[in-house]
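All heavy atoms count here, side chains included; hydrogens, waters and symmetry mates do not. Quick caveat, the model's predicted, so the values are computed rather than measured. Whatever order the structure lists ligands and atoms in, that order sets their numbers, starting from 1.
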Amino acid sequence: MSKLLRAKEASLARVYTTKEKGIYPYFRPISSSQDTEVDIDGKKVLMFGSNSYLGLTNHPKVKEAAKRAIDKYGTGCAGSRFLNGTLDLHLELERRLAEYVGKEAALCFSTGFLANQGALSSLTGRNDYIILDELDHASIIDGSRLSFSKVIKYRHNNMEDLEAKLSALPQSSIRLIVVDGVFSMEGDIARLPEIVALADTYGASIMVDDAHGLGVIGVNGAGTASHFGLTDKVDVIMGTFSKSFASLGGFIAGDKDVIEYLKHSARSLIFSASMTPSAAASVIATLDLITTEPEHIQRLWDNTNYARNLLKEAGFDTGNVSETPVIPIYIRNEESVFRITRMLQDEGVFVNPVVPPAVQPDATLIRFSLMSTHTFSQIETAIDKLTETFTRAGIPLKQKI
Ligand code: PMP
């Protein structure tokens, strides 16, 4: 092995072993659009692993908007927002987003990862504190590290632990609590009312990463802060376009001053090329649909409730924490998660395997996620296949109810 990888042998061995066993579950090439059914290896596979919650990546109006943007603006912006890469389209999108989430201003980045990285690395400094839920997304963790602030984690959604951590910090420092609004792997919602109360008591600030909340919960899908009626109490809202918004990119929304500051200090904005015209235009088209056609969100919830009940009736261990279209099915053994994922794909059902570091080692799971465009019949088929596959693999379902 290359001397460069001397310290990485164990992690690479894990990849090779999984491949040798024929259960490697990553980088599966899809040769169709990301819809409720996809083509893999010449076979139709039901998609229950997508983040396209509203199923809009294939919507004619969204595709048409993307095509029109290519005709007008070309395929790329050839520069960063800071210099030659700002289009009127980006500004329109930012106005729309600010209005949508109820903040003064918004700023778009080329991915959600870069939005978190850019905001978190520049908002707080060396003498400040960033306080994270232990299950926050990787981009929050990486952005926090780049800030040189002290990073403190509290136990997942555990408000006693958050208070214990907050109360020990000096009031003279900036203390920024950062949470996923909807947690990406287990589908539960941050306990925002209590977080806001604690932030008020201790003088801390709050940032919510709403990658999985936007388009799903809140008024017209405006996200977690809206869901709790606490938009004014959250300092910064982050979102991504790679999920409900059927595109690619991300944004930060907040007070005008915060956004003005980020425009001149977020390195992932200043030193990286801007969102493509087609990506920006498709988000605007998606916002139009979400705000004028409530049936997209309604169908997502009908599907979510239907699937959740069927999974529970079948006896799967769904953990009772998910309140959203992301439903975890706990297996609690990494190799079994990989094996089941592979077997399910062979049976025509795509799900995502979730193992450490995304979750704790005793919480490995299959992530089953719903889209607005699934039919009840597709959901029934997938859950029947799950039951058959678990039985064949000898993985016990939790007690039947
Ligand atoms: N935050 C969360 C909670 C996410 O789940 C993701 C994407 N998995 C991101 C941020 C990054 O978003 P993007 O895909 O736009 O880079």
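- Ring pair Phe376/Tyr306 is parallel by interplanar angle, where below 30° counts as parallel and above 60° as perpendicular.
- Rounding to the nearest 0.5 Å places OH of Tyr16 at 10.0 Å from OG of Ser11.
- In this structure, Val349 and Leu386 have side chains that are not in contact, with every pair of non-hydrogen atoms separated by 4.5 Å or more.
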Atom pairs and distances, ligand 1 N/O vs protein N/O under 3.5 Å:
unit_1, atom_1, unit_2, atom_2, d
ligand 1, 1 (N), Asp209, OD1, 3.4
ligand 1, 1 (N), Asp209, OD2, 2.6
ligand 1, 5 (O), His212, NE2, 2.6
ligand 1, 8 (N), His137, NE2, 3.3
ligand 1, 8 (N), Lys243, NZ, 3.0
ligand 1, 14 (O), Ser242, OG, 2.9
ligand 1, 15 (O), Gly112, N, 2.7
ligand 1, 15 (O), Thr240, OG1, 2.6
ligand 1, 15 (O), Ser242, OG, 3.3
ligand 1, 16 (O), Gly112, N, 3.3
ligand 1, 16 (O), Phe113, N, 2.9

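- Remark: the Gln34 side chain and the Ser50 side chain contain an N/O donor-acceptor pair separated by less than 3.5 Å.
- Under the 30°/60° scheme for interplanar angles, the aromatic rings of Phe245 and Phe241 are found to stand perpendicular.
- For Arg392, the CZ atom counts as densely surrounded, since its 6.0 Å shell holds more than 12 non-hydrogen atoms of other residues, nucleotides or ligands.
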